[in-house]
Amino acid sequence: MSLDITPTLTATEEARRQVEICNACRYCEGYCAVFPAAFAERSFSDGDITQLASLCHNCRGCYYACQYTEPHEFALNLPAALAEVRVESWARFAWPGAFARLFQTHGVALAAALVLGTALIFAAIRMLGTGAGDGFYAYLSHSAMVAIFAPAFLFPLLALAIGTRRYWHEVGGAAVTLADLRAALVDAGRMRNLSGGAADGCNYEKGDRYSVARKHAHNAVVWGFLLCFAATSSGTILHYVLDMPAPYPFFSLPKLLGVPGGILLTLGAAGLAMLKLRADPALGAVAAWGGEMAFVILLGLTGLTGLALYAATGTGLVAPLLALHLGTVLAFFLTLPYSKMAHAAYRLAALTRDAQLKRRAG
Amino acid sequence: MTQVDAITWDVVVVGGGNAALCAAIEAAETGARVVMLEAAPKPYRGGNSRHTRNFRCMHEGPLSVLTGTYGEDEYFDDLIRVTKGKTDEDLARMTIRDSETCLPWMERHGVAFQPSLSGTLSLSRTNAFFLGGGKALVNAYYNTAEDLGVTVLYEAEVRHVTVTEGRFQGLDARIGGKDLRIEGRALVLASGGFQADIDWLADAWGPAARNFLIRGTPYNRGVVLRDMLDQGADSVGDPTQCHAVAIDGRSPKFDGGIVTRLDCVPFSVVVNRDGERFYDEGEDVWPKRYAIWGRLVAAQPEQVAYSVIDAKSLNLFMPSVFPPESADTIEGLAQKLGLPGNKLRETIDAFNAACRSGDFHPTELDGLATEGLTPPKTNWARPITEPPFYGYSLRPGVTFTYLGLKVDRTARVSAHGARLHNIWAAGEIMAGSILGEGYLAGFGMTIGTVFGRIAGQEAAAHVA
Ligand SMILES: Cc1cc2nc3c(=O)[nH]c(=O)nc-3n(C[C@H](O)[C@H](O)[C@H](O)COP(=O)(O)OP(=O)(O)OC[C@H]3O[C@@H](n4cnc5c(N)ncnc54)[C@H](O)[C@@H]3O)c2cc1C
Ligand code: SF4
Ligand code: SF4
């Protein structure tokens with residue numbers, strides 16, 4: 001299909017043009033939260049379009065169901081139109097903004113971040129390595145790790161918080177109540193929208209056939225990520241509160257959470273990457289494809305290198321694998337506010353706003 | 001591709017919409033070797049079925065997305081009311097009864113349903129809505145057919161069916177730019193009506209038909225229907241009539257589909273090209289009047305009319321696909337619409353002067369009528385006074401034609417009063433057998449599903 005249907009329209013204008021056609025049609029109402037939210041309005045401000053775009057998770061159900069896709073003159077391609085708006089909006093909200101334009105769309109930039117992160121850890125091991133601790137700390141002291149990762153973890157949180165505030169302002173969000181937040185979390189937790197509403201899954205990698213593969217892969221990534229995160233947190237608690245420094249045996253919380261987490265994360269990311277290869281790129285933000293793919297690979301690498309590191313315990317590979325793993329994690333966290341990962345924050349914000357609007361409508 | 005012209009197929013299905021797909025699936029499920037010939041290219045496959053949103057379904061209790069009950073007699077009464085008795089009771093009742101088993105059959109073959117769409121709550125008991133609309137339904141059926149081994153040919157227009165001594169022998173089709181001969185042992189005709197053949201419409205209706213818009217596919221040109229009628233097939237339905245509704249005058253000539261509907265008429269003043277009113281805009285609620293307005297507009301000069309509202313009515317109806325023309329004065333609006341400004345001013349003034357005070361209720365007949373105006377506006381008559389003023393153009397949009405092939409309970413086609421040996425028909429091409437006049441929302445897909453399935457089963461049984 002041609003990608004320059006309406007070259008004179010901005011991404012937001014093009015999405016508005018399409019949403020207005022949908023509003024006269026309404027056939028896709030049952031697919032996801034985008035449509036009921038749109039059909040409650042009669043005209044759409046830029047902020048409304050941003051909010052709708054953030055509610056869309058690119059399942060593509062509405063593309064394959066649409067009787068107005070090209071060559072029809074209405075040229076509907078809502079998944080792509082909303083994806084373009086999302087990509088643009090994240091660049092607009094990100095702080096500092098230039099990074100978003102860099103990492104969202106340029107896989108090469110992400111790869112460079114990975115190499116830099118790894119090199120940094122290598123250098124740190126060289127220069128700060130103490131040789132005094134046990135396990136990994138034999139290579140890089142605990143205090144050195146904290147010195148590197150505490151800011152690397154806190155900075156993205158701050159950057160994302162700023163971005164989310166900007167989002168909230170643009171979509172005209174009101175003060176958040178506990179009920180809104182709960183509704184959003186329940187929605188997100190169940191991946192309700194990823195189930196395709198009344199349909200059996202997405203139309204992602206099999207064209208007009210429904211498939212639950214993307215939902216499963218995405219679930220694996222989310223749970224894998226959360227388990228890995230819990231593993232690290234439990235390690236921190238063991239270290240500081242219970243005074244039990246690493247290394248931990250297999251039957252310990254950090255390992256029992258971390259190993260399955262790493263496996264889920266690796267498999268899930270591999271699944272997402274494979275599905276992305278099979279799906280039609282023209283139904284997403286075409287320019288961001290490379291950046292998104294690189295992000296999925298980086299995500300998978302954090303899991304895979306972690307597992308490899310564990311498997312290499314006691315061998316000579318520990319030092320390089322440690323550098324690679326920590327470098328991957330570092331690159332992941334530092335680019336987080338600018339990579340596809342930011343969607344988690346914006347999506348949660350969008351679901352919260354949606355819950356607010358629904359509650360107000362009664 | 002296999003040599004489609006080197007095989008004798010068990011069942012040849014002509015068409016690529018709902019009725020054709022139901023027939024192909026039923027036949028293929030018996031193990032028959034089935035080929036489907038669809039005139040449209042793949043992106044436009046599915047005929048008018050790709051524009052639909054629901055089907056009307058009898059049910060003796062809550063069923064899938066349907067609420068309450070909708071029994072045979074109520075369904076039949078609804079049908080009789082719209083067709084004014086022009087219906088074959090036996091076929092109609094059979095269709096209605098069969099509709100109940102269709103819904104679970106559709107679900108088993110990949111169709112997903114959704115609760116009735118916003119703005120259509122009144123249909124939540126009688127009509128089951130397809131998730132994503134008719135194109136999603138068509139996609140699901142194509143996938144099911146493919147899994148069953150049905151061969152589907154696109155850009156395959158059937159030109160002539162060879163019928164010798166009441167028996168289908170084969171047919172001539174233009175497939176991917178080549179003239180091919182397809183041989184088969186049984187034939188199902190499901191190629192829709194003839195509304196996209198503007199010349200035929202103009203012959204039947206008169207030259208005014210050249211200004212009609214066609215709401216659905218440009219591929220339903222009635223080529224097979226005419227070929228069969230030329231060979232003496234028995235017909236039903238008024239050859240001069242088509243179902244036309246008033247739609248947005250700026251819609252594309254073909255395939256504008258559902259979004260081109262305009263629901264503003266009851267809250268507006270409607271004038272013709274000369275700025276004159278010609279009918280009671282407030283006679284009844286819009287779903288009961290939109291078909292009448294298709295005919296009314298068709299009878300106006302140049303088959304066009306203009307619906308004018310003011311600011312207070314803009315949000316009372318479903319949003320339109322194209323934004324209305326707007327202006328701060330009636331004269332300004334007239335200029336934008338290409339109407340005589342003085343005349344429109346006069347018409348609106350006369351209308352406003354005839355309005356009376358009273359309670360306005362947009363969702364029910366409120367009896368807020370004009371006094372001393374001809375023609376009157378009998379409901380929702382509020383003066384057009386609050387700028388900005390908005391205007392939409394209206395044109396007749398053809399949904400389908402009534403002329404079709406006569407079939408019996410087994411969907412079998414006949415010629416000169418005798419059943420043809422191995423030819424069945426389903427969908428719009430035979431709907432005149434049941435729907436002689438008017439239209440009942442969701443009944444087109446019901447007829448196509450019920451008769452498509454029967455035709456497929458019968459054709460397969462014939463070759464088994
Ligand atoms: C805008 C719109 C909305 C509608 N909404 C509804 C609704 O919600 N519910 C409802 O019940 N009905 C609705 N209808 C009516 C409904 O579309 C028809 O009743 C139904 O689709 C008829 O199905 P069919 O399979 O007989 O015909 P179609 O779906 O029109 O299929 C006919 C097929 O035959 C093919 N064909 C034509 N000529 C040839 C040839 N010579 N050779 C090969 N192939 C050929 C066409 O390409 C097409 O694929 C709507 C109609 C329109 C226009
Ligand atoms: S995507 Fe197409 S079918 Fe779906 S609501 Fe929009 S216009 Fe209608
Ligand atoms: S792509 Fe999926 S999530 Fe996005 S608007 Fe369409 S149906 Fe909704």
Side-chain angles (χ1 to χ4, degrees), chain A residues 1-2 16-32 34-44 59-79 195-203 206-211 280 282 358 361, chain B residues 41 43-46 48-54 64-65 107 110-120 129-144 146-147 216-217 248 251-263 314-323:
Chain A
M1 57 176 289
S2 82
R16 183 182 293 116
R17 179 190 77 82
Q18 298 197 21
V19 168
E20 281 172 357
I21 295 177
C22 294
N23 206 9
C25 169
R26 311 205 164 186
Y27 281 11
C28 291
E29 195 165 83
Y31 276 117
C32 69
V34 172
F35 295 97
F39 301 160
E41 310 288 333
R42 295 189 70 98
S43 61
F44 304 91
C59 80
R60 303 162 176 218
C62 65
Y63 175 83
Y64 291 103
C66 186
Q67 63 274 33
Y68 300 121
T69 54
E70 288 198 303
H72 195 285
E73 63 191 85
F74 290 165
L76 260 283
N77 184 347
L78 197 60
S195 322
D200 200 7
C202 290
N203 290 120
K206 287 195 192 164
D208 57 22
R209 286 176 191 260
Y210 293 101
S211 153
D280 183 350
K358 269 194 243 155
Chain B
Y44 281 124
R45 71 183 182 186
N48 283 351
S49 302
R50 63 201 286 284
H51 285 291
T52 63
R53 55 182 184 174
N54 62 30
S64 183
V65 292
E107 285 184 331
V111 178
F113 290 92
Q114 64 187 341
S116 120
L117 302 180
S118 52
T120 63
F129 284 74
F130 317 132
L131 176 67
K135 187 167 171 202
L137 169 139
V138 163
N139 288 343
Y141 282 158
Y142 272 103
N143 286 327
T144 302
E146 185 186 301
D147 293 345
T217 178
D248 197 310
S251 310
K253 183 77 180 171
F254 292 101
D255 258 336
I258 193 75
V259 299
T260 63
R261 77 163 168 308
L262 266 185
D263 301 345
L314 186 64
N315 292 343
L316 294 177
F317 49 91
M318 284 271 287
S320 58
V321 67
F322 305 109

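Every heavy atom of this structure was used, including side-chain atoms; hydrogens, water molecules and symmetry mates were not. So you know, we letter chains A, B, ... as the sequences are listed, proteins then strands, and number each from 1. Remember, it's a predicted structure, so these values are computed and weren't measured experimentally.
The contact between B:Phe322 and chain A is made entirely by side chain atoms (from C-beta outward), counting heavy-atom distances below 4.5 Å. Within the 4.5 angstrom heavy-atom criterion, no atom of A:Cys62 approaches chain B. In this structure, chain A has a heavy atom under 4.5 Å from the side chain of B:Pro43, while its backbone stays farther away. Interface remark: B:Leu314 contributes backbone atoms only to the contact with chain A (heavy atom separation under 4.5 Å). For A:Phe39, the part sitting under 4.5 Å from any heavy atom of chain B is the side chain, from C-beta outward, and nothing else. Heavy atoms closer than 4.5 Å to chain A are found in the side chain of B:Tyr44, but not in its backbone. Using a 4.5 Å cut-off between heavy atoms, B:Thr52 touches chain A through its backbone atoms (N, CA, C, O) alone. Heavy-atom distances place the side chain of A:Phe74, and not its backbone, under 4.5 Å from chain B. Neither the backbone nor the side chain of A:Cys22 comes within less than 4.5 Å of any heavy atom of chain B. For chain B, the nearby parts of A:Pro71 are the backbone and the side chain; heavy atoms of each come within less than 4.5 Å. Heavy atoms of B:Ser49 lying under 4.5 Å from chain A are absent altogether.
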Inset, instruction - Could you please spell out the steps behind the side-chain contact (heavy atoms from CB on, under 4.5 Å) verdict for B:Ile258 and A:Tyr27? - result: CA-CA 9 Å; B:Ile258 193 75; A:Tyr27 281 11; 3.3 Å; yes

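Here A:Arg209 pairs with B:Glu146, B:Asp147 under the salt bridge (Lys or Arg N to Asp or Glu O under 4.0 Å) rule; sequence neighbours left out. A:Arg26 meets the salt bridge (Lys or Arg N to Asp or Glu O under 4.0 Å) test with no other residue; sequence neighbours excluded.
Using a 4.5 Å heavy-atom cutoff, the side chains of A:Phe35 and A:Leu78 are in contact. Side chains of B:Leu137 and B:Arg50 form no contact here, defined as non-hydrogen atoms less than 4.5 Å apart. Counting heavy atoms from C-beta on, the side chains of A:Arg60 and A:Asp280 come closer than 4.5 Å. In this structure the side chain of B:Phe130 never reaches within 4.5 angstrom of the side chain of B:Gln114, judged on heavy atoms.
Ring geometry, A:His72 versus A:Tyr68: the interplanar angle exceeds 60°, so the pair is classed perpendicular (tilted spans 30 to 60°).
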